[in-house]
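Before any comments, here is the structure.
Each chain gets a letter, A, B and so on, in the order its sequence line appears, and its residues count up from 1.
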Number of protein chains: 4
Amino acid sequence: MAAGVQGIQSSVLSRAERKKAELRREIIDAAFECFAERGYHATAIADIAARVGIGHGTFYRYFENKRDIVEHVITDLLEKITDSLTADNAPNAVDTLQDYRVQSARIGEDLARIVTADPRVPRMLLLQAPGIDKDMGDRILGLFEYAMQLTSGYLAHGVSLGYLKEELDVDNTARAINGMMLGAIVAGLSRPDLDQRALASAIRGVMYDGISGSLTTPSP
Amino acid sequence: MAAGVQGIQSSVLSRAERKKAELRREIIDAAFECFAERGYHATAIADIAARVGIGHGTFYRYFENKRDIVEHVITDLLEKITDSLTADNAPNAVDTLQDYRVQSARIGEDLARIVTADPRVPRMLLLQAPGIDKDMGDRILGLFEYAMQLTSGYLAHGVSLGYLKEELDVDNTARAINGMMLGAIVAGLSRPDLDQRALASAIRGVMYDGISGSLTTPSP
Amino acid sequence: MAAGVQGIQSSVLSRAERKKAELRREIIDAAFECFAERGYHATAIADIAARVGIGHGTFYRYFENKRDIVEHVITDLLEKITDSLTADNAPNAVDTLQDYRVQSARIGEDLARIVTADPRVPRMLLLQAPGIDKDMGDRILGLFEYAMQLTSGYLAHGVSLGYLKEELDVDNTARAINGMMLGAIVAGLSRPDLDQRALASAIRGVMYDGISGSLTTPSP
Amino acid sequence: MAAGVQGIQSSVLSRAERKKAELRREIIDAAFECFAERGYHATAIADIAARVGIGHGTFYRYFENKRDIVEHVITDLLEKITDSLTADNAPNAVDTLQDYRVQSARIGEDLARIVTADPRVPRMLLLQAPGIDKDMGDRILGLFEYAMQLTSGYLAHGVSLGYLKEELDVDNTARAINGMMLGAIVAGLSRPDLDQRALASAIRGVMYDGISGSLTTPSP
DNA sequence: TATGAATGAGGCTTCATTCAT
DNA sequence: GATGAATGAAGCCTCATTCAT
């Protein structure tokens, strides 16, 4: 009987909980839009509530305070990005340069798709978030560190298998490569019509072969 | 003798003017420190004034408003950086890959020195400034565009002289290269103790020769 | 029953709306008192709020800003005056001098009653309001113009029916007559104990018959 | 010898004093212009100083504070008006209605000339001054009382000589007559192009003979 | 004596947050 | 649970006045 009650209760609650979760979702989305478009400080809680169509007192039933919501907005964005990137990309393990090229091309394309699909995403993450406060700034900086570690792992794998340069300083090279990605996203922010495929191609060109002309001897 | 007096008057600012200029300078510096450390929105005019040791009303004798001072802070930072970069770097015209390597190494070192000497500079420019408002965000983004054009010019020069790859997409390659610089600065923000020389070296490695291992065939 | 509920809802304001309207009313009244007593510029929003017994932030939930409230104060005063004047005065159409005398006497008495009942009313309208800013000054001046037109209409009617002097310059005579009313109000401001009935009588004396002694020949 | 020194000193001082008096004069004029055009509260001391072309610190060597200067501005205006009015008008003593008509016509014309010549004068006295503070308001109201007494005196004189109505309530009639003048000035403020001669004529018409048509019996 | 740099009281306004309904 | 009315801390900015030069 307890199980039955439990079952009934849980199914009843789950309906209410689902609605609650949906509204949470809506608030996060609205907050994201406000923050990305107007900026964090220029956005009032009332703006977010109005966009959702709820009273602004209700907001506080779903989130602690303004700082809380922006935390969730960021977390949410990062989750979405992570999901997109890991959706059809093998988490690791490519064993030839050719496969690596393919995989990094795919990752680049995915990233390009994400930031092109909704420029408010990079705008929020790169322009707005870092200035919110020290903690948020550190969080964004931490992202870069994290991305560096991922890339570094790939590179180390490639070096150990011999399809990447033996002498590679993997961490710093990872920073360089990720920097190019960052540069691409930033470029997309000032030039929404930029041909991201061409840019990705140029990045891969530098990444694999550098810019030195064939007439010159390779650097020692 | 009249000429002498005239000379003094014209070449040297009057005492009052000098003092005024000095205080202006001090206010800009104090504002920079406040903004970089606490953030633009968390900084009150009173904070800046207190740091300088003046009444907050005095602030308004030197700057229109809060937006005005941050504009000057940014302008000032960019001027300093530009000055540092152009101080002993030939503005352009290098005709061999070797010279180009030397020059870009120097630029990289200069940049590294600037951001390492005072991490509040990149913190202000990259973390705080973009989120202040739309205009400031655009201004920072514009910087990247500007830097791209400079780099692109160098690259085009190198291509035309044959010491850089013939098929280079100079604009996008410039974005990639500048992205690596940006990545280096960002990395320095989260890791103040990072070995910038090693990072610069890794960047040059990628930049000139890429990461492909020698055993593999170059990309088609 | 649904109709009943509907009726209640539509005909009566909800409790919250009533309370809101009441508070609005209280704020306007308090502002009027502050402005009339201390003057517009000497009155802070906090003063008004304190008089109502609300936080000064609450004020801004009811009125845009200081300029907004004074606009409403004036509008409110004028409405009250207009209502009082038109309450039992036929809007127009009197066809004999006798009737005209009666009506203008009543208007004069009404006006006297209003300004005597609360001297802050003329104090606000005549002493404070004109100096608030250009717009408000113009608004008050506009009132005089409007009053002149009303009076002028009455006079023209009387002239056409022959119970007023044929050669009357109706607009300017209206200005003269209204000027006497204005003078009476102003006199009441410096002399609150002034016998307004006697003053009104003197005004009517001048108005209808002038001051010339009977021994002298009427002016040509 | 003392006399000689005295003489020298006084003549020397008088030069400096004259200059000082001139500057005082200029400051008063500038303040009048600022106050009348922008309003008392909207005018900063710096505005006045700038208009004169002196440092705003200098202002305080000539006047105690902002309240002090406006007091002088008003005093100065009233003096000018009084001077104009008493310039060629016999201070009193007219013994026939004819003379009285002539004199009051001249006074009216003088007044009209003054306020028409520089509309900032009535604007300052009637629109700005009363709202400055309680004292200034009282001062302006006091003016009307004073004017009433003057007019009343004239009327009493006329009554006693029989050329004005015997039963005249001289004080209140004076208020009525002065009210018409006030009305004329106010009308001139909203209508700068108003024909003041016609208005003056209408006022005299009411003043001497009233508006009653000849067909009706005079009021009892 | 003239100046204007410095000052801070004072006032407006916003908005995150609370809480009674 | 939802609401929005109320609140006051907080911050921007002005400007009358002082005073050292």
Heavy-atom side-chain contact between [X] and [Y] under 4.5 Å:
| X | Y | value |
| --- | --- | --- |
| C:I132 | C:F35 | no |
| D:I54 | D:I27 | yes |
| D:F32 | D:V121 | yes |
| C:R139 | C:L78 | yes |

Between the side chain of [X] and the main-chain N/O of [Y], is any donor-acceptor distance below 3.5 Å?
| X | Y | result |
| --- | --- | --- |
| B:K80 | B:T75 | no |
| C:K134 | D:E37 | no |
| B:D47 | B:A44 | yes |

CZ on B:R120 to CE on B:M124, rounded to 0.5 Å: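 Rounded to the nearest 0.5 Å, the CE-CZ separation comes out at 11.5 Å.
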Whole-Å gap separating P (E:dT13) and CD (C:E64): 10 Å
Whole-Å gap separating P (E:dT1) and CZ (D:R24):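 Those two atoms, CZ and P, are 14 Å apart.
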Residues which pass salt bridge (Lys or Arg N to Asp or Glu O under 4.0 Å) with A:R24, listed by chain and number, not counting sequence neighbours: none
Residues within residues 65-74 of chain D bordering DNA chain F, heavy-atom distance below 4.0 Å: D:N65, D:K66
Close residues, residues 26-52 of chain B, relative to DNA chain F [heavy-atom separation under 4.0 Å]: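 The stretch gives B:T43, B:A44, B:I45 as the residues lying under 4.0 Å from the strand, ordered by number.
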Letter per nucleotide, 5' to 3', of nucleotides 2-8 of chain F [B base touched, S only sugar-phosphate touched, - untouched; heavy atoms, 4.0 Å]: BBBBBBB
Pair D:E33-D:I28, side chain to side chain contact (heavy atoms under 4.5 Å, CB included): steps then yes or no: CA-CA 9 Å; D:E33 291 164 13; D:I28 291 177; over 6 Å; no
Strand DNA chain E in bracket notation, Watson-Crick/G-U under 3.5 Å with | for pairs to another chain: .||||||||||||||||||||
Electrostatic pair B:D76-B:R25, nearest N-O below 4.0 angstrom: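 Salt bridge: yes.
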Side-chain donor-acceptor contact under 3.5 Å, B:T43 with B:R51: no
Which donor-acceptor pairs under 3.5 Å do side chains of residues 57-65 of chain A form with protein atoms, sequence neighbours excluded?
residue : atom : partner : partner atom : Å
A:T58   : OG1  : A:G55   : O            : 3.4
A:N65   : OD1  : A:R67   : N            : 3.1
A:N65   : OD1  : A:D68   : N            : 2.8

